[in-house]
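Read the structure below first, then the notes.
Numbered from 1 within each chain, the chains take letters A, B, ... in sequence-line order.
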Amino acid sequence: MSVPRARIAPSPTGPLHIGTARTALFNYLFARHEGGTFILRLEDTDQARGSLAYEKDILDGLHWLGLDWDEGPEVAGEAARGPFAPYRQMLRLPLYEEASERLLAADLAYRCYCTPEELEADRKAQEAAHLPPRYVGRCAALTPEERAAREADGRRGALRFRVGTGVVAFDDIVRGRVEIDVSNLGGDFVIVRSDGSPLYHFVVVVDDAAMQISHVIRGEDHLSNTPKHILLFRALGYQVPEFAHLPLILNPDRTKMSKRKSQTAVSDYIAEGFVREALVNYLALLGWATGTEEEVLSIDDIVEKFELTAVHKGGAVFDRERLEWLNGQWIRRLEPDDLIDRLRPFVEADLAAGRIDWMPTDEEIRALLPVVSERLPTLGAIGDLVGFLWVHELRYEPALLVPKRWDAATTREALVGARARIAEAGAVAFEAEELEPVLRSLAEARGWKVGDLFMAIRVAVTGRTATPPLFDTLVALGHDRAVERLDGAIEALETLAPA
RNA sequence: GCCCCCAUCGUCUAGAGGCCUAGGACGCCACCCUUUCAAGGUGGAGAUCAGGGGUUCGAAUCCCCUUGGGGGUACCA
């Protein structure tokens, strides 16, 4: 058997969708596992809805995911790659033209001059009669004279493909045998608009054939359209490829995942700080499983184990909680240098947004990694976690300083004591191992619960009740700033408990 | 409406006739660890395998019906 060729054919009518990313991933996994070729083709024939910005978002997203294509369109100044260029449909118009001429000449397709109004009226009538909507065939058997008359009226005519009669059957790799009677296709369908631009069902077939795609792997939403494609492949004399229809990714209510009900843009997940490893890992496990109990898998692990025949038939609800768990797993697996590189843009974003006052150095971030990595559900959580380290002034309610078992006077007394010990420790060595026994002994001497004392200090130096371990936090802050913040807290307590 | 597809814990799934009194993971609940929050560890609740008929010595696994859900029905992709 020749080398398998799979493709992802996104349409730039919106930002990269999670569903498209998943389909791309499965095509990539299949191609890599089989030693085949992974192709990217831009389906940009919908000029009304498409845009270059979306195109860039899609390409960037696929690159970010690590789904590099062997053949694909020119991008960012780089030339198209592959023997079947161009890889964007608006550049392939002559091919569709040639194919449609062929169908027309063989009377496998015909010109249709129906107006939108006429078609709309047909549809309404059918609806009223409780009949399935279908093209009535008004132009299916026009005489040359009738055609000439309509052309003379200035009508250009769309091109309709004759679907004929019979049953189209195919063996879908994930669904098994599928049979659909042609009579359910809605009648002869348009393959070229009256303005001359070709439609999806047509171009997808012409291109898949031209690019010698051997496996069409796409979402289940295309299952019902597949007979149209098969009919076209046959009419054009092309070999029909293998099909594999993937289960859909669902909203929590089990409808097809949509922007309306879920976060569908890959760029939004990137912006939140999900890492590619986690998203790839998560997406691969939606509708497919290794058959083992392993859950945390690298893309290479997945490529090795992936089998299209093991893909599910039923749809899968997108579960963000599970994605977050995997994200944490992967964040903890990243090498320090790598993690720092990935964290930096998020810290920069916090700076730009005014959430912090200055940019920490890489070394400062590196020092934080041991206590921070296990507390990051996403990279974007970094500012929320330790942003207090990089601000000039803390803002919090003084009442927050008082542990629940204490009153303001006790808290003030404790902070004064802690301030003295910490200031003193700084003269020797400002390290977690030095600080802890000193403060523990303070609590012990006064009969305070260490948790209460530590909490008061925690709030005083961070402004919050949930933070990384206190002593690591103090060290990160540095002696001078720690003392300064303790002084600030003691002062803030004046309003609650005058000295 | 019509056509097509699907159906195991709340969610993602293991399961391809006996290994299943249905396993794992997320989430949830306890406990342990512990200065908070996490992470980690241990344990627990949670699915009569949508329901009903068959086939079989034996069915989550095969067949049929019902129900439920989804997708498709454009001069969108």
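Along RNA chain B, the nucleotide nearest to A/V190 and the one nearest to A/R175 differ in position, and the one closer to the 5' end is contacted by A/R175. Comparing A/P468 and A/L323 by the nucleotide of RNA chain B whose heavy atom lies nearest to each, the residue mapping closer to the 5' end is A/L323.
Counting non-hydrogen atoms under 4.0 angstrom, A/G186 reaches nothing in the nucleic acid. Among the protein residues, A/E321 comes within range of the sugar-phosphate backbone only, with heavy atoms under 4.0 Å from sugar or phosphate atoms but none that close to a base. Here A/P247 lies out of heavy-atom contact (under 4.0 Å) with every strand. Here A/L470 lies in heavy-atom contact (under 4.0 Å) with a base. Residue A/T45 is classed as a sugar-phosphate contact, given heavy-atom separations below 4.0 Å to backbone atoms only. Here A/H245 lies out of heavy-atom contact (under 4.0 Å) with every strand. Counting non-hydrogen atoms under 4.0 angstrom, A/Q47 reaches nothing in the nucleic acid. Residue A/G287 is classed as a sugar-phosphate contact, given heavy-atom separations below 4.0 Å to backbone atoms only. When heavy atoms are screened at a 4.0 angstrom cut-off, A/R134 is found touching no nucleic acid atom at all. When heavy atoms are screened at a 4.0 angstrom cut-off, A/Q126 is found touching no nucleic acid atom at all. Residue-level contact check: A/D221 touches the backbone only, with heavy atoms under 4.0 Å from sugar-phosphate atoms and none from bases.
Of the candidate nucleotides B/A39, B/U35, B/C76, B/C76 has the atom lying nearest to any side-chain atom of A/R49. Of all nucleotides listed (B/U35, B/C26, B/U13), B/U35 comes nearest to the side chain of A/F471. With B/U13, B/U35, B/A74 as the candidates, the nucleotide lying closest to the side chain of A/A316 is B/U13. Taking only side-chain atoms of A/D46, from C-beta outward, the nucleotide of B/U35, B/A25, B/C76 with the closest atom is B/C76. When each of B/C12, B/C5, B/U35 is scored by its nearest atom to the side-chain atoms of A/R254, the top-ranked nucleotide is B/C12. Relative to the side chain of A/P132, the nucleotides B/U35, B/C26, B/G1 differ in distance, and B/G1 lies closest. Nearest to the side chain of A/I180, among B/U35, B/U11, B/C3, sits B/C3. If you check B/C4, B/A14, B/G24 against the side chain of A/V178, the one that comes closest is B/C4. Residue A/E293 places its side chain closer to B/G23 than to any other of B/G1, B/G23, B/C76. When distances run from any side-chain atom of A/R332 to the nucleotides B/A39, B/C3, B/U36, the shortest one goes to B/A39.
Applying the 4.0 Å criterion to OP1 and OP2 of B/G40, one finds that A/Q329 has a side-chain N or O inside that range. Contact annotation: A/R193 reaches the phosphate of B/C76 (side-chain N/O to OP1 or OP2, under 4.0 Å).
The distance from atom CD of A/Q263 to atom CZ of A/R320, rounded to the nearest 0.5 Å, is 5.5 Å.
Nucleotides B/A50 and B/G44 are separated by 27 Å at their C1' atoms, to the nearest Å.
The CG atom of A/L248 sits 13 Å away from the C1' atom of B/C4 (whole-angstrom rounding). Distance CZ (A/R320) to P (B/C26): 17 Å, rounded to an integer number of Å.
Look at A/D188 and A/R160 and you find no salt bridge, because none of the NZ, NE, NH1 or NH2 atoms lies under 4.0 Å from a carboxylate O. Between A/K124 and A/E127 there is no salt bridge, since no side-chain N of the basic residue sits under 4.0 Å from a carboxylate O of the acidic one. A salt bridge is absent between A/D407 and A/R412; no separation between the charged side-chain nitrogens and carboxylate oxygens falls under 4.0 Å. A salt bridge between A/R156 and A/E151 is absent, with no side-chain N of the basic residue lying under 4.0 Å from a carboxylate O of the acidic one. Ion pairing between A/E413 and A/R446 holds under the 4.0 Å rule for side-chain N and carboxylate O. By the 4.0 Å N-to-carboxylate-O rule, A/R49 lies close enough to A/D46 to be salt-bridged with it. A salt bridge is absent between A/R150 and A/E118; no separation between the charged side-chain nitrogens and carboxylate oxygens falls under 4.0 Å.
When both distances must be under 3.5 Å, the Watson-Crick or G-U wobble mate of B/G1 is B/U73. The partner of B/C26 is B/G10, judged by Watson-Crick or G-U wobble contacts that both fall below 3.5 Å.
Taking 3.5 Å as the limit, the base of B/G71 and the side chain of A/S224 contain a donor-acceptor pair of atoms between them. One N or O donor and one acceptor, one from the side chain of A/S194 and one from the base of B/C75, sit under 3.5 Å apart.
The neighbour count for A/R177 CZ, taken as heavy atoms of other residues, nucleotides or ligands under 6.0 Å away, is above 12.
Within residues 369-379 of chain A, the residues having any heavy atom closer than 4.0 Å to RNA chain B are, in order of number, A/E374, A/R375.
Judged as a side-chain hydrogen bond (donor to acceptor under 3.5 Å, both in side chains), and not counting sequence neighbours, the contacts of A/D208 are A/R7, A/R41.
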